[in-house]
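Order of the sequence lines fixes the chain letters, A, B, ..., with proteins taken first and strands second; residue numbering starts at 1 for each chain.
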Amino acid sequence: MSGRVLVGVKRVIDYAVKIRVKPDNSGVVTDGVKHSMNPFCEIAVEEAVKLKEKKLIKEVVAVSCGPQQSQETIRTALAMGADRGIHVEVTGKDYDTLGPLQVSKILAALAKKEEAQLVILGKQAIDDDCNQTGQMTAALLDWPQGTFASEVSLENDKVKVVREIDGGLETIKISTPAVLTADLRLNTPRYATLPNIMKAKKKKIANVKPADLGVDLTSRLEVLRVDEPPQRQAGMKVETVDDLVVKLKDAGKV
Amino acid sequence: MALREGSRRLQLLFRLRHLPQFSRFVGVRSVSENVSSKSSAPETADDHLIYTPEHFALKEALRKIIDQEINPYVDQWEADGIFPAHKIFKILGNAGFLGVNKPVEYGGLGLDFSYSVAVAEELGNIRCGGIPMAIGVQTDMTTPALARFGSDELKKEFLLPSVMGDKVACLGVSEVGAGSDVSSIKTKAVRKGDEYVINGGKMWTTNGTQADWMCLLANTSDGPPHRNKSLICLPMNLPGVNVARKIDKMGMWSSDTAEVFFDDVHVPCKNVIGEEGMGFTYQMLQFQEERLWAVANIVTTMENIIQETIQYTRQRKIFKLPVLYHQTVHFRLAELQTEVELLRSLLYRATALYIKGNDVTKLASMAKLKGGRLARELSDSCLQYWGGMGFTSDVLVSRFYRDSRLLSIGAGADEVMLGIICKYMDTLPRK
């Protein structure tokens with residue numbers, strides 16, 4: 001096995017920013033807004049780096065698809081311990097319509113090219129909440145998948161994954177190569193230390209175009225409109241159960 | 001443990017993102033957490049005057065530590081009147097933030113001063129003044145002279161652990177009878193064999209109740225006042241060192257400030273930093289860095305206060321309109337923002353010149369003078385727009401009002417800055 005792990009990292013609007021919808025309802029305001037690495041991608045990077053520190057894998061490659069600024073996100077991964085990066089350049093209209101299907105095609109192509117043993121992604125991105133890229137990538141590669149992972153252990157050429165599911169925890173064993181997606185409790189990402197930030201400057205980031213990987217970026221989806229969620233109305237307190245029933249009847253709920 | 005940690009992060013992630021419109025003040029504090037310092041400086045390094053992508057990566061990494069390890073606890077530490085210096089310094093030390101411009105051989109990163117400025121700027125996102133001040137004392141007031149002039153042995157014992165965050169340092173310069181007039185300090189270190197015996201006391205000692213060692217300025221001979229002082233690395237656990245009291249202050253509550261007495265304290269002569277008699281000179285040398293550091297710190301905080309005031313006045317209605325819509329309010333905030341930008345420009349200009357090897361004493365003093373005064377003006381104006389809420393302890397602006405008042409006093413009072421500037425302008429009375 002190559003001992004190489006591909007980690008996908010996505011540049012998203014920072015979790016602490018208050019999102020504003022553009023006046024023309026075509027999307028959300030991104031200009032001048034603070035961006036950072038998707039928190040679940042951070043967890044994915046941390047897991048990959050941990051595996052390398054345990055000497056279970058040999059190389060961690062961080063991948064990001066997007067415009068020039070995506071390189072900053074890759075640098076953060078490098079500062080956390082990834083060995084090198086791949087920036088898949090996607091800009092303009094293509095970037096606006098970039099979705100899980102296109103990214104999965106890119107990741108699948110790269111996984112084959114790099115002969116990856118594992119592809120680790122965050123379970124979902126906090127901007128679109130799709131929770132699809134990991135699953136689609138596995139399907140395109142015809143690889144097994146361990147999604148919503150809260151615990152990962154490598155045993156020879158198999159991976160034991162404890163998954164967080166609705167009913168509790170499910171433990172599965174899958175063979176490599178495989179795709180894993182990280183859930184919140186998988187680990188606590190390390191802080192990028194200043195020495196590592198400076199070392200990351202010397203690590204390589206390769207530049208690749210989707211066309212080089214034979215990937216067609218056309219989207220089958222069209223965003224019609226983006227609206228803010230409805231304003232949450234204030235609640236009402238009532239004295240007795242009878243009052244409650246009366247109010248519910250008035251509101252046409254009962 | 002992981003579950004609790006995970007659920008706390010989950011809460012942070014989802015609570016802050018989906019904040020409902022606030023019509024009650026309960027929401028104000030959460031809003032404050034939501035304010036990202038919308039700096040008018042470009043987000044990327046392409047056009048920045050002094051910062052490279054590494055500076056921005058540094059700020060982002062430090063911001064994470066602040067958001068997770070410091071800000072959630074600030075209110076508690078302000079109430080306690082102290083913050084856990086050893087714990088926080090260790091976290092920062094592990095991540096490399098305490099030795100940014102210190103030599104690599106002693107755990108530092110050997111980077112230039114622009115990186116220290118970036119750290120100082122980012123620390124302005126801490127929701128109080130006390131903790132950045134305590135960190136600044138550790139990184140840029142107690143250790144520069146030691147790093148430059150101390151012996152190998154001394155650096156191993158005091159500098160290395162301070163950079164790693166294992167030892168907390170404090171500065172012993174000011175005394176009850178001598179603040180601005182440093183040359184008139186009375187603490188004496190009398191030579192007896194290969195020891196100094198120290199008697200006297202120090203005042204306004206930040207980190208004083210938690211420190212492992214003190215960078216002490218004392219009179220070591222009877223010569224002229226600018227040439228008879230030495231800097232000594234003093235372990236705080238030596239017999240005779242008496243941390244008398246924690247001073248109760250108007251602001252900077254989370255920073256413990258002590259009054260310390262020395263009663264026949266014996267310290268080996270080898271603990272003197274560099275040459276005997278050069279202490280005053282050594283301490284003066286790093287004033288430029290200290291002052292620019294303080295300015296970098298306050299610029300970020302001031303900007304955060306303006307942003308929070310905008311957010312508050314946008315939703316608070318008065319006479320049927322948001323407070324912000326009244327011209328006197330948004331015009332005044334524009335004036336203040338303009339002044340903040342001017343100060344920032346001066347900061348970057350001085351920093352750029354300094355890292356090229358120039359003496360920026362005049363510019364640094366000007367920046368410190370302006371910083372202290374602008375912080376007072378800004379906190380006063382902004383607090384006014386918060387109305388009654390501004391007067392409560394629930395909001396950041398009232399804490400800033402109290403904390404920022406110190407800037408015109410400590411680390412070189414306004415009047416001292418004015419004196420320095422006049423010296424450069426050659427307008428002081430001639431002898």
*Asks:* Check the surroundings of atom CD in A:Glu239: do more than 12 heavy atoms from other residues, nucleotides or ligands lie under 6.0 Å from it?
*Replies:*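 Counting neighbours around CD of A:Glu239, 12 or fewer heavy atoms of other residues, nucleotides or ligands fall under 6.0 Å, so no.
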*Asks:* Within the 4.5 Å heavy-atom criterion, are B:Asn94 and A:Thr193 side-chain neighbours or not?
*Replies:* no
*Asks:* In terms of heavy-atom contacts, does NZ of A:Lys160 have more than 12 from other residues, nucleotides or ligands at under 6.0 Å?
*Replies:* no
*Asks:* Is it true that A:Arg75 and B:Glu60 have a side-chain N and a carboxylate O under 4.0 angstrom from each other?
*Replies:*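 Not counted as a salt bridge, because no side-chain N and carboxylate O are separated by less than 4.0 Å.
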*Asks:* Which atoms form the tightest heavy-atom contact between A:Pro195 and B:Ala95, and what is the distance?
*Replies:* CD-O, 3.8 Å
*Asks:* Can you name the nearest heavy-atom pair linking A:Tyr191 to B:Gln68, along with the distance?
*Replies:* OH-OE1, 3.3 Å
*Asks:* Say you draw a straight line from OH of B:Tyr115 to CD1 of A:Ile197; how long is it, rounded to the nearest 0.5 Å?
*Replies:* 10.0 Å
*Asks:* Please report the closest heavy-atom contact between A:Met198 and B:Leu111, naming both atoms and the distance.
*Replies:*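 Taking every non-hydrogen atom into account, CE-CD2, 3.5 Å.
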*Asks:* For B:Gly96 versus A:Leu194, what's the shortest heavy-atom pair and its separation?
*Replies:* O-CD2, 3.5 Å
*Asks:* State, to 0.1 Å, how close B:Ala61 and A:Ala192 come at their nearest heavy-atom pair, and which atoms those are.
*Replies:* CB-O, 3.4 Å
*Asks:* Does any heavy atom of chain A fall under 4.5 Å from the side chain of B:Leu58, the backbone, both, or neither of them?
*Replies:*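 Contact with chain A: backbone and side chain both.
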*Asks:* Taking side chain as everything from C-beta outward and backbone as N, CA, C, O, which of these in A:Glu42 sits under 4.5 Å from a heavy atom of chain B? Side chain, backbone, both or neither.
*Replies:* side chain
*Asks:* Would you indicate whether B:Tyr325, at its atom OH, is surrounded by more than 12 heavy atoms from other residues, nucleotides or ligands within a distance under 6.0 Å?
*Replies:* no
*Asks:* Tell me whether A:Lys22 at atom NZ has more than 12 heavy atoms from other residues, nucleotides or ligands lying less than 6.0 Å away.
*Replies:*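 Buried by this count: over 12 neighbours within 6.0 Å.
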*Asks:* NZ/A:Lys34 to CZ/B:Arg63 distance, rounded to the nearest 0.5 angstrom?
*Replies:*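 The CZ atom of B:Arg63 is 5.0 Å from NZ of A:Lys34, to the nearest 0.5 Å.
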*Asks:* What do you reckon, is CD of A:Glu59 surrounded by more than 12 foreign heavy atoms closer than 6.0 Å?
*Replies:* yes
